[in-house]
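Notes follow once the structure below has been shown.
Order of the sequence lines sets the chain letters (A, B, ...), proteins ahead of strands, with each chain counted from 1. Being a predicted model, the structure only gives us computed values, none of them experimental.
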Protein chains: 2
Amino acid sequence: MKPTIYDVAKKAGVSIATVSKVMNNQPVRKKTREKVLEAMEELDYKPNILASALMGKRTSTIGFLLPDIANPFVAEMARRVEDRAHEKGYNLVICSTDFDREKEALYVSLLNQKSVDGFILAGDFKNEDVLKSLLEEHIPVVLLAASHPSLLVNSVRVDDFIGGYEVASHLISLGHKKIAVIGEDATSSKERIRGFKQALQENEMNLRDEMVVIGGSSSEDAELSAAKLLADPEPPTAIFACNDILSMGVILAARGRDIRIPDDLSIVGFDNTLLSMNSDPPLTTVEQPIQDMCSQAVDLLIEEIEGKSKTKQRIIMMPRLIIRNSTSEYRAEDDA
Amino acid sequence: MKPTIYDVAKKAGVSIATVSKVMNNQPVRKKTREKVLEAMEELDYKPNILASALMGKRTSTIGFLLPDIANPFVAEMARRVEDRAHEKGYNLVICSTDFDREKEALYVSLLNQKSVDGFILAGDFKNEDVLKSLLEEHIPVVLLAASHPSLLVNSVRVDDFIGGYEVASHLISLGHKKIAVIGEDATSSKERIRGFKQALQENEMNLRDEMVVIGGSSSEDAELSAAKLLADPEPPTAIFACNDILSMGVILAARGRDIRIPDDLSIVGFDNTLLSMNSDPPLTTVEQPIQDMCSQAVDLLIEEIEGKSKTKQRIIMMPRLIIRNSTSEYRAEDDA
DNA sequence: ATGAAAGCGCTAACAG
DNA sequence: CTGTTAGCGCTTTCAT
């Protein structure tokens, strides 16, 4: 069997209380401490975290709920969160929720049973009741790449409104007049679209309702939406897809109709994932400061977990437009 | 405070032993069972998993060690593994090891302290000592997208040799004579290259040593390697990059030298990730049956965890070549 | 079929 | 400074 605190105590010739004290850095005579440490070393003793957690100590485990770990943007966040958490001595249990309220509730409940120390909720968390009860029970939570307008909860995200605004400004500067937008049913998309519209309005342009479509999260969903948009007798000359994955669908739709990018159609994405860098053509997109966002989110959470919590924060970071080859100047050309 | 087994017992008017019995489906009179269930319901009782794990029960948590969760292929595996594990009532704690022996050892030790029920090790696991000790301690383990030639351990992977063989056959059939290979320092790459060479030999072709370069895992590493290869006075007309990420680097290198794909250079990847579908041009690559592999891996692990283990297995699945637009017939053309 | 009691490995008063 | 002891919430004999 694996050595327990009793084995260490016996070998060091002290009581288990003393062993516990050296583990928890409580006052112990130097000589005694050394004896204990030595015994631990010899036995290759590793304290059982379950037992100490049962006594109210931390598990040093964070529940990380996200929409879908297979999504490249999400996966990259996961890596950043993991690295930061690891630096601070925490592990991550990761659950993909697919924006499904049931799954959200189930996973939160499950992880609570397993006594995680807190939660990072990435992307829109749909089940507000669950979020509220987490807050009521004072379980540490931080929202990542999301925020809540009325709840007192830590959150870290990019300024989606500005992101959308920048995209529109770019397209306008290229002379595009007829523009469409494809988003998913999430707050981030909606904010991006709001910013997008704002820029248009400031230039006395407007976005007809038929030109904005909110749909599913997959590339295929976007492909369908884009196909419809492009079938219009007067099709858009530019499409803003609210993230890179959706953009891939748009590219495919255009390719399917022999529409050249960017000559006939400009496309802009969001997130600056690997996909956008290697797509055909490389995609103009908006970069989020993932690394910073994730570090901050972890730091906020751990501060709360470890009780050094200051006041709740809503941190909003700035996005950056990255211009590649999927956008170009609009040239009126009659193909008819 | 959250209700404990005592609260349930009191409310139901029975002893905690009885409550425990109904939770564990042990014989209890129907009437009693109902009373208990009712009490649990009313209190919204959730058993504390740490406590039961302390008594030797499972934590229903699996340690999932992988090279890098930000890698799209790995992320997709993670999702499949997660889904299957969840179906069976298990959660995943995910750790990125970067092929680093130290990290591997550290994470295994940490997760053992947290009493995970078993491990899935994805990709090459470099620290053989740690793997061996896991096996010796009879901790359930399965290797995913990897295997071990001499250790008695469950594993599930694709037949990399055949994958490489198919790639070579495809390139040969297109008339390519001067071919190069870029791989990473991992067994899978080496196997793919072995299969690749085999096909060449069978066609009385051979691969000069300078034409195969083993390097880092990043797209940038591959870009550098490819740049060198392409600077050769007699550059290759086709390059096999041992996975899609590396391929992206090759594409960039070619683009940097104004080499057209596939006209001047054919490129083949491996894994059939999102990257390959949306790259410029869409990449010829090799698909792995990720879903099946991951389900099997989880099933093997859980069988072992739950003691219904049959004999150890090494499962090897077949890959499938997917031809897209990054490969074309070789045409001798003098540009000079 | 049910309950009393011991104990999993650890922490935290409380004495000494 | 160190040891004794009582739990944390649950499972598991062993009686009844």
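- Side-chain atoms of B/Lys114 and A/Thr59 include no donor-acceptor pair closer than 3.5 Å.
- Taking the ring pair (Phe, Tyr, Trp, His ring centres under 6.0 Å) definition, one finds that B/His148 meets it with nothing, sequence neighbours left out.
- From the 5' end on, the contacts that DNA chain D makes with chain A at under 4.0 Å to a non-hydrogen atom open and close at D/dC1 to D/dG9.
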- Message: Within the 4.0 Å limit for protein heavy atoms, which parts of nucleotides 9-16 of chain C are touched? Write it as a string from 5' to 3', B for base, S for sugar-phosphate only, - for none.
- Response: BBBB----
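- In this structure, A/Lys11 does not pair ionically with A/Asp7, as no charged nitrogen and carboxylate oxygen lie closer than 4.0 Å.
- In A/Gln26, the CD atom is crowded: over 12 heavy atoms of neighbouring residues, nucleotides or ligands sit closer than 6.0 Å.
- Judged purely by atom type and a 3.5 angstrom limit, B/Asp117 uses its side chain to pair as donor or acceptor with the backbone of B/Ser60.
- If you take CG on A/Leu92 and CG on B/Leu92, they are separated by 11.5 Å, rounding to the nearest 0.5 Å.
- Between the SG atom of A/Cys294 and the CZ atom of A/Phe64 there is a distance of 6.5 Å, given to the nearest 0.5 Å.
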